[in-house]
Amino acid sequence: SHGLAKLELGLGRGKRQFEKRQAIAEREHRREMEREVGRRRYTMGTIYRKTDKGQIEIETRALRLAPRLRTALILVGRVLDAAAFPDWIASHRVTLVSLVPTMLMRVLDRHPAWTAPTHLRAVLLGGAAASPRLLERAVARRCPLVLTYGLTETCSQVCATPYAARFAPADWGAGIALSGIDVRICDERIEVRGPVLTAGYWNEAPLAPHAWFDTGDLGALDARGCLHVHARRADLIVTGGENVYPAEVERALESFPGIA
């Protein structure tokens, strides 16, 4: 029993020494990260994680691409903190950020006097339709908006508005198809094609290479090639033989004074 006690004591001491070395290494890593934050600027990207229920959640992350894309630093945020958002943008000198319209609206509502800093080069806005009123509010705060359209099956993005139109994006819809991606409208449905398209779904037959993919969204292309997304097919309301798009109803309601 004495030998066993000595063995347990030795194992305990070894474990404590290991944990101490690990803690020192973690502190040094944090210090290096803090020094890196002070030296570099960051852009925002998107990551996906699977929940316990098997659903896919989207998380924003800060991603700094070094010259010639040689290195990257990632900071992961679990939820949007609208109260701390301006300070976070300023303290880390974020250059690009990706938001959905609800996030941007919460930030603007929480900070009525906030104006986007000059080092913030673009706010990627997608995931849902952005109302004209929200775009007007954001542009008035000098938020450089790049509207985007995409879906998980295409590695997120399909279209984006031109960077030159970042302070006047409203007329560009969801933007123009990115390089290498084709977009067409077939019976009002948005279809896409390109190398970014997924190979298929789990336990289902693979998608045919170079085939058109039906996104399930409804939209139109204008003469400039800009995509205008009307609604998801599942959201479409058919009444009296007419197609009613919820986003259009929302825009009409927002045009009335007193409706926020």
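Starting from 1, each residue takes its place in the sequence as its number.
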Just how far is it from atom [atom1] of [X] to atom [atom2] of [Y], taken to the nearest 0.5 Å?
X	Y	atom1	atom2	answer
Leu147	Leu124	CG	CG	9.5 Å
Ile190	Trp212	CD1	CH2	12.0 Å
Arg166	Leu145	CZ	CG	10.5 Å
Leu104	Leu134	CG	CG	5.0 Å
Thr161	Leu227	OG1	CG	12.0 Å
Arg110	Leu80	CZ	CG	11.0 Å

N/O donor-acceptor pair under 3.5 Å between [X] side chain and [Y] backbone:
X	Y	value
Ser91	Asp87	yes
His210	Arg193	no
Arg141	Trp114	yes
His119	Val94	yes

- Task: Examine Arg142 relative to Phe167 and say whether NZ or CZ is less than 6.0 Å from the centre of the six-membered ring and inside a 45° cone about the ring axis.
- Result: yes

- Query: Would a 4.5 Å heavy-atom cut-off, applied to side chains only, mark Val100 and Leu125 as touching?
  - Reply: no

- Task: Please assess Phe213 against Glu191 for the test side-chain contact (heavy atoms from CB on, under 4.5 Å), listing each intermediate value before the final yes or no.
- Result: CA-CA 5 Å; Phe213 177 78; Glu191 296 186 349; over 6 Å; no

- Could you tell me whether Arg137 and Asp109 make a salt bridge, using a distance below 4.0 angstrom between a side-chain N and a carboxylate O? yes

- Query: Is the shortest distance from a Lys or Arg side-chain nitrogen in Asp222 or Arg224 to a carboxylate oxygen in the other one below 4.0 Å?
  - Reply: yes

In one Ile/Leu/Val/Met/Phe/Trp/Tyr side-chain cluster, 4.5 Å: [X], [Y]:
X	Y	answer
Met105	Val123	yes
Tyr149	Ile176	no
Trp172	Val139	no

- Task: Provide the closest heavy-atom pair for Ile89 versus Pro117 in the form atom of the first, atom of the second, distance.
- Result: CG2-CG, 3.8 Å

- Any chance you could lay out the side-chain contact (heavy atoms from CB on, under 4.5 Å) test for Leu221 and Cys226, step after step, and finish with the verdict? CA-CA 5 Å; Leu221 290 169; Cys226 294; over 6 Å; no

- Message: As a quick check of understanding, evaluate side-chain contact (heavy atoms from CB on, under 4.5 Å) for His230 and Asp217, giving each step before the final call.
- Response: CA-CA 8 Å; His230 295 155; Asp217 297 335; over 6 Å; no

- Message: Determine whether Val192 and Asp182 satisfy the following criterion, side-chain contact (heavy atoms from CB on, under 4.5 Å), listing intermediate values before the conclusion.
- Response: CA-CA 6 Å; Val192 299; Asp182 298 320; over 6 Å; no

- Report the relative orientation of the aromatic rings in Trp88 and Phe85; use parallel for angles under 30°, tilted for 30 to 60°, perpendicular for over 60°. tilted

